[in-house]
Amino acid sequence: MNSKKQVVEALAKVLPAEITADQINKLIEKPKTSDLGDYAFPTFILAKTMHKAPNMIAEELVGKMDQAGFEKIVNTGAYINFFLDKAAFSDAILKEVLKEQDDYGNQNEGNGGNVPIDMSSPNIAKPMSMGHLRSTVIGNSIAKILTKLGYSPIKINHLGDWGTQFGKLIVGYKMWGSKEEVEEDPINNLLKYYVRFHKEAEDKPELDDEARAWFKKMEDGDKEALSLWTWFRSLSLSEFQKIYTRLGVEFDSFNGEAFYNDKMDAVIDTLEEKNLLKESQGAEIVDLSDLDLSPALIKKTDGATLYITRDLAAAIYRKNTYKFVKSLYVVGSEQAEHFKKLKAVLKMMGYDWADDIHHIEFGLITNGGKKLSTRKGRVILLENVLNDAVDLAKKQIEEKNPDLKDKDQVAESVGVGAVVFHDLKNERRDSFDFNLEEVVRFEGETGPYVQYTNARALSILRKAGDVDFDGDLTLDDPEAWDTLKLIQEFPDILSRAGRIYEPSVIAKYALKLAKSFNQYYAHSKILTDDAGRVARLSLVKSVTIVLQISLGLLGVKAPEEM
RNA sequence: GUCGCAGUGGCUCAGCUGGAUAGAGCAACGGUCUUCUAAACCGUAGGUCGUGAGUUCGAAUCUCACCUGCGGCACCA
């Protein structure tokens with residue numbers, strides 16, 4: 001349903017013909033308060049052409065307008081305020097949601113097009129930190145949003161599974177580690193060797209040489225080196241999997257850095273063919289000075305390849321494999337320049353689809369104002385944060401709803417949901433300082449608040465028993481009005497979230513809808529047995545549908561009771 | 001130095017393409033559970049929207065300068 005269109009049409013009839021429907025549509029705004037109606041049209045721009053004061057124009061236009069189909073149309077100063085017919089509106093929107101159910105809001109702008117999403121991408125042998133959570137959770141949510149918009153996302157976990165750090169790891173393992181220790185607690189112990197390596201290498205630079213030598217062995221296909229690498233990799237992966245399961249995230253591909261080892265020569269060949277490669281200070285570069293970018297370093301002085309070389313190979317591989325309509329990279333904003341360069345080089349290679357690559361950047365999480373650093377052992381372990389949050393959720397349940405069944409499962413959903421929601425509710429570019437208390441908060445603008453709202457609504461529906469959601473769903477209760485309008489806005493919210501790749505748009509919407517419903521809940525007796533009962537229950541049902549869709553899009557579970 | 005991002009009540013943030021008295025949450029204070037889950041609801045208090053100029057009928061929103069913070073800037077990813 002489209003109530004805005006109704007407003008545009010009403011205006012088009014009385015406005016000068018040179019103003020197009022499209023222009024009208026752009027000028028219409030939503031008033032801040034409901035006493036100013038549901039839509040408003042400012043008449044200032046007409047003042048010049050009509051040679052009259054805006055408030056006069058507004059008054060005149062209102063006099064000429066047909067009020068049919070609206071509750072009323074009035075002017076307030078220079079604005080024309082439209083009040084929708086609440087009864088007709090509620091009936092139409094509730095019927096639509098109840099009919100569409102989980103499909104409510106679905107759109108097909110994507111037309112099935114493939115969209116690889118590079119996300120999560122933790123480094124092997126290092127624990128997942130809060131930083132990885134961002135990439136994982138933002139990527140996952142964007143994938144779900146795009147699915148609802150008709151795209152086919154492909155979630156790629158571009159694992160950090162190759163590079164000199166493995167040389168360091170092997171050296172550390174051989175010096176201080178043991179098979180038993182690693183198998184007991186793979187990630188933490190591997191991390192221990194890695195941190196110790198960096199500490200000791202400060203005084204013993206020969207350790208770095210040794211590490212380089214081991215990495216060289218890996219590249220040369222040395223059996224021992226590769227078998228250690230494979231072992232570290234698979235241990236790490238199964239540890240990561242535990243966290244992904246908790247977060248409810250699944251991947252379509254785990255092709256990480258190592259996967260592109262044999263695909264870089266072709267890239268370098270092409271660069272050479274197109275005469276793009278230049279030698280500079282002993283290294284091979286692509287000059288990007290025309291674009292005000294520093295050069296892209298393709299090959300080091302020692303002939304080894306670099307990050308961008310691998311990413312070029314990956315970009316091309318993804319285009320060939322998936323024929324994508326766009327390709328997303330959920331990576332921190334500190335890498336913005338890297339992606340500019342990546343696109344620039346691809347463009348120079350003649351790949352116009354470079355324009356379809358989008359860097360979905362997000363802000364840094366700091367701890368005490370400082371950047372997190374694995375090397376210095378300064379990390380916030382995601383697993384600990386999740387555990388703390390779940391423990392706290394469990395306590396709350398014991399306190400508030402001790403008879404609840406499946407307490408542990410609900411605590412898991414609520415605790416993890418709080419952490420995930422917290423990460424998604426602000427604009428992704430915002431960087432924030434980690435604060436456990438804030439992350440695991442359950443009151444106010446939080447995930448649990450939305451979950452709780454949904455659980456209470458479901459509880460009403462359970463108490464209502466069998467309801468035939470049919471017939472007249474007219475609801476002209478002013479308390480319900482904001483909620484109804486919000487439900488109707490959902491498809492627009494979804495499309496905006498997809499357009500700007502912003503899960504926070506959905507999170508904020510869910511909070512708004514939950515708040516609005518809680519107000520309704522507090523002021524209306526829904527189960528009262530009167531003529532409006534079915535309509536009110538339809539609203540409750542519709543709210544649960546939209547809240548559950550929204551939480552689902554964020555990757556947050558919606559427990560039925562809590 | 002240079003490029004990018006940000007600067008809104010004590011704290012964390014909204015504010016869509018410029019529009020009608022700048023909105024929430026937390027914290028503070030005060031109310032609301034014999035009635036659908038009080039993880040909720042209602043109310044009070046709190047803001048020169050970093051600073052200065054400009055564009056406009058109208059600027060938190062656009063332009064410029066400056067200040068502050070964070071991030072990037074060739075052999076890490």
Side-chain angles (χ1 to χ4, degrees), chain A residues 26-27 29-33 36 40 42 44-45 47-48 53-54 76-79 81 121 123 158 160 162-165 257 280-285 292-302 304-308 310-311 331-338 340 361 363-364 366 369 371 375 393 396-397 399-401 404 414 418 422 425-427 429-433 435 437-438 441-446 448-453 455-464 492-493 496 500 504-505 508 511-512 514-515 518-528 536-537 540 561-562:
Chain A
K26 274 187 185 163
L27 286 165
E29 52 192 83
K30 281 181 276 174
K32 284 173 191 163
T33 53
L36 293 169
F44 303 103
I45 40 114
K48 267 188 196 153
T76 314
Y79 287 83
N81 300 85
S121 313
N123 294 319
H158 190 80
W162 201 255
T164 45
Q165 76 267 27
E257 291 169 10
S280 169
Q281 300 170 32
E284 300 277 331
I285 64 156
D292 279 330
L293 289 168
S294 58
L297 250 181
I298 303 292
K299 254 186 176 179
K300 297 203 268 189
T301 325
D302 65 5
T305 55
L306 282 136
Y307 183 36
I308 195 160
R310 204 171 291 270
D311 258 11
V331 178
S333 45
E334 69 271 18
Q335 292 191 36
E337 193 155 328
H338 165 74
K340 274 189 199 158
E361 51 186 299
L364 218 58
T366 52
K371 200 176 166 177
R375 290 186 197 186
Q396 293 260 350
I397 292 169
E399 208 176 288
K400 302 186 187 226
N401 198 355
L404 182 69
V414 173
H422 175 268
K425 83 170 171 184
N426 290 137
E427 226 172 284
R429 273 189 184 78
D430 288 356
S431 44
F432 64 91
D433 200 57
N435 178 331
E437 272 172 50
E438 221 162 87
R441 185 165 276 164
F442 298 152
E443 283 147 25
E445 296 175 327
T446 65
Y449 174 85
V450 180
Q451 291 173 319
Y452 178 69
T453 308
R456 286 210 300 183
L458 286 174
S459 170
I460 292 181
L461 293 173
R462 249 177 276 127
K463 293 218 156 88
D492 285 342
I493 295 288
R496 176 154 182 261
I500 61 177
S504 70
V505 169
K508 276 176 198 130
L511 286 169
K512 235 169 136 181
K515 186 174 169 75
N518 278 327
Q519 286 168 336
Y520 176 68
Y521 179 99
H523 297 289
S524 310
K525 294 204 165 84
I526 294 157
L527 286 173
T528 304
R536 288 192 300 272
L537 285 167
V540 176
E561 291 180 59
M562 62 186 273

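Protein chains get the first letters and strands the later ones, always in sequence-line order, with residue 1 at the start of each. Atom set for the values below is all heavy atoms of this structure, side chains included, hydrogens, waters and symmetry mates excluded.
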- [ ] Answer with base, sugar-phosphate or nothing: what part of the nucleic acid does D430(A) contact at a heavy-atom distance below 4.0 Å?
- [x] sugar-phosphate
Open item on the list: In this structure, how many angstroms lie between the C1' atom of A74(B) and the CD1 atom of I308(A), rounded?
Closed with: 11 Å
TODO: Using whole Å, report how far CD of Q335(A) lies from P of C5(B).
DONE: 17 Å
Task: Nucleotide paired to U63(B) in any strand shown, Watson-Crick or G-U, under 3.5 Å - done: A53(B)
Task: Any-strand Watson-Crick or G-U partner of C5(B), both distances under 3.5 Å - done: G69(B)
Task: Rounded interatomic separation in angstrom, taking CD from E445(A) and P from A39(B) - done: 18 Å
TODO: Take atom C1' in C33(B) and the same atom in A20(B), then report the distance between them in whole Å.
DONE: 40 Å
Open item on the list: If the cut-off is 4.0 Å, is R456(A) near the phosphate of A38(B), judged by side-chain N/O to OP1 or OP2?
Closed with: yes
- [ ] Output the single nucleotide from G15(B), A40(B), G71(B) whose closest atom is nearest the side chain of L364(A).
- [x] G71(B)
Task: G58(B) and G46(B), which share atom name C1', separated by this distance in whole Å - done: 28 Å
- [ ] Would you classify A336(A) as touching base, sugar-phosphate or nothing, given that sugar-phosphate means primed atoms plus P, OP1 and OP2, and contacts are heavy atoms under 4.0 Å?
- [x] nothing
TODO: Give E257(A) one of three labels, base, sugar-phosphate or nothing, depending on what nucleic acid heavy atoms sit under 4.0 Å from its own.
DONE: sugar-phosphate
Task: Minimal non-hydrogen separation, P42(A) against L27(A), with atom names - done: CD-O, 3.4 Å
Task: Length of the CD-C1' vector between Q396(A) and A40(B), whole Å - done: 13 Å
Open item on the list: Please classify the nucleic acid contact of L527(A) as base, sugar-phosphate, or nothing, using heavy-atom distances under 4.0 Å.
Closed with: base
Task: Closest to the T33(A) side chain, choosing from U21(B), A39(B), G25(B) - done: U21(B)
Open item on the list: Using a heavy-atom cut-off of 4.0 Å across all strands, would you classify I285(A) as base, sugar-phosphate, or nothing?
Closed with: base
Task: Step-by-step side chain to side chain donor-acceptor pair (under 3.5 Å) determination, N81(A) to T76(A) - done: CA-CA 7 Å; N81(A) 300 85; T76(A) 314; 2.8 Å; yes
Open item on the list: Mind checking if Q165(A) touches a base, just sugar-phosphate, or nothing, with heavy atoms under 4.0 Å?
Closed with: nothing
Task: Length of the CZ-P vector between F432(A) and C11(B), whole Å - done: 18 Å
Open item on the list: Please classify the nucleic acid contact of S121(A) as base, sugar-phosphate, or nothing, using heavy-atom distances under 4.0 Å.
Closed with: nothing
Task: C1' gap between G15(B) and U8(B), integer Å - done: 10 Å
Open item on the list: Reading RNA chain B from 5' onward, which residue's closest nucleotide shows up sooner: E427(A) or K26(A)?
Closed with: E427(A)
Task: Distance test, side-chain N/O of Y452(A) to OP1/OP2 of A39(B), below 4.0 Å - done: yes
Task: Short side-chain N/O contact from K512(A) to OP1 or OP2 of A14(B), under 4.0 Å - done: no
Task: Nearest-nucleotide comparison on RNA chain B, the residue closer to the 5′ end among K32(A) and S459(A) - done: K32(A)
- [ ] Write down the distance separating the C1' atoms in C49(B) and A60(B), rounded off to the nearest Å.
- [x] 5 Å
TODO: Evaluate the side-chain proximity of L297(A) to E284(A): yes if any heavy-atom separation is below 4.5 Å, no if none is.
DONE: no
- [ ] Check the pair D311(A) / H158(A) against side-chain contact (heavy atoms from CB on, under 4.5 Å), numbers first and verdict last.
- [x] CA-CA 10 Å; D311(A) 258 11; H158(A) 190 80; 4.1 Å; yes
TODO: With heavy atoms under 4.0 Å as the rule, sort R441(A) into base, sugar-phosphate or nothing.
DONE: sugar-phosphate
TODO: Look at all strands and tell whether A393(A) reaches a base, only sugar-phosphate, or nothing, counting heavy atoms closer than 4.0 Å.
DONE: nothing
Open item on the list: Heavy atoms only, 4.0 Å cut-off, all strands: where does A47(A) land among base, sugar-phosphate and nothing?
Closed with: nothing
Open item on the list: Any base atoms under 4.0 Å from I397(A), or only sugar-phosphate, or nothing? Heavy atoms, all strands.
Closed with: base
- [ ] Sticking with atom P, work out how far G50(B) lies from A59(B), rounded to a whole angstrom.
- [x] 15 Å
- [ ] Would you classify V414(A) as touching base, sugar-phosphate or nothing, given that sugar-phosphate means primed atoms plus P, OP1 and OP2, and contacts are heavy atoms under 4.0 Å?
- [x] base
Task: K525(A) vs U35(B): side-chain N/O to OP1/OP2 distance below 4.0 Å - done: no
Open item on the list: Syn or anti for C49(B), given that syn means the glycosidic angle lies within 90° of 0?
Closed with: anti
Open item on the list: With a 3.5 Å distance limit and no angle check, can you tell me whether N518(A) reaches the backbone of A514(A) through a side-chain donor-acceptor pair?
Closed with: yes
Open item on the list: Using atom C1' in both nucleotides, what's the gap between C62(B) and C16(B) to the nearest angstrom?
Closed with: 16 Å
- [ ] Could you state the atom-to-atom distance from CG of L293(A) to P of C73(B) in whole Å?
- [x] 13 Å
Open item on the list: Could you check whether the side chain of N81(A) and the base of A20(B) have a donor-acceptor pair of N or O atoms closer than 3.5 Å, going by distance alone?
Closed with: yes
- [ ] Indicate, with a heavy-atom threshold strictly under 4.0 Å, whether H338(A) touches base, sugar-phosphate, or nothing.
- [x] nothing
Open item on the list: Taking only the C1' atom of each, what is the distance from C76(B) to G72(B) in whole angstrom?
Closed with: 14 Å
Task: Separation of the P atoms in A65(B) and G1(B), to the nearest angstrom - done: 15 Å
Task: Y449(A) vs C41(B): side-chain N/O to OP1/OP2 distance below 4.0 Å - done: yes
Open item on the list: Rounding to an integer number of Å, can you tell me how far K463(A) NZ sits from U35(B) P?
Closed with: 11 Å
Open item on the list: Within the 4.0 Å heavy-atom criterion, would you say P54(A) contacts the bases, only the backbone, or no part of the nucleic acid?
Closed with: nothing
Task: Pairing partner of U44(B) (Watson-Crick or G-U wobble, both distances under 3.5 Å) - done: A28(B)
Task: Spacing of N401(A) atom CG and M562(A) atom CE [to the nearest 0.5 Å] - done: 9.0 Å
TODO: Quickly work out the Y521(A) OH to C36(B) P distance and round it to whole Å.
DONE: 7 Å
- [ ] Classify the ring geometry between H338(A) and Y307(A) as parallel (under 30°), tilted (30 to 60°) or perpendicular (over 60°).
- [x] parallel
- [ ] May I ask you to test the Y521(A)-I460(A) pair for a side-chain heavy-atom distance under 4.5 Å?
- [x] yes
Open item on the list: Suppose we call a contact any N or O donor and acceptor under 3.5 Å apart; does that hold for the side chain of S280(A) and the base of A74(B)?
Closed with: yes
Open item on the list: Could you check whether N426(A) and S504(A), counting side-chain N and O atoms only, form a donor-acceptor pair closer than 3.5 Å?
Closed with: no
